[in-house]
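Keep in mind that this is a model prediction, so the values were computed, not measured.
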Amino acid sequence: MFDSLPFEKRRELALEILTRGVRLTRKSGSFLGQLITDPTPMSDAQVEWFEQLAERAGLIAKEA
């Protein structure tokens, strides 16, 4: 799902996670900052991590 997002949408979602006040590690915050500024396609591992962070922030439903 997140692997096909255009940069603008990915940026919007990363900003939303940051502004929701969800507790993040320094590494997670840095990763989200990277997604906001870098249009380079994400690796499979990055896509999975981004989806996990979005799920924890309540932006997507947990997959069954």
Legend entry - Interatomic spacing from CG in L18 to OG in S28 - rounded to 0.5 Å: 10.0 Å
Inset, instruction - Treat each ILVMFWY residue as a node, draw an edge where side-chain heavy atoms are under 4.5 Å apart, and state whether I36 and F7 are in one component. - result: no
Legend entry - With R20 via salt bridge (Lys or Arg N to Asp or Glu O under 4.0 Å) - residues at least two apart: E16
Inset, instruction - Could I get the full list of side-chain hydrogen bond (donor to acceptor under 3.5 Å, both in side chains) partners for T19, not counting sequence neighbours? - result: none
Legend entry - pair Q46-F31: side-chain heavy atoms closer than 4.5 Å: yes
Legend entry - Rounded distance [0.5 Å steps], CH2 in W49 versus CG in L32: 7.5 Å
Legend entry - From E48 atom CD to L53 atom CG, the distance as rounded to the nearest 0.5 Å: 11.0 Å
Inset, instruction - Indicate, with yes or no, if I60 and L35 share a hydrophobic cluster defined by side-chain heavy-atom contacts under 4.5 Å among Ile, Leu, Val, Met, Phe, Trp and Tyr. - result: yes
Inset, instruction - Before accepting this row, confirm whether a basic side-chain N of the pair R11/E8 lies closer than 4.0 Å to the acidic partner's carboxylate O. - result: no
Legend entry - Distance, nearest 0.5 Å, that separates CG of L5 from CE of M42: 6.5 Å
Legend entry - Cluster check L15, F50: I/L/V/M/F/W/Y, side chain < 4.5 angstrom: yes
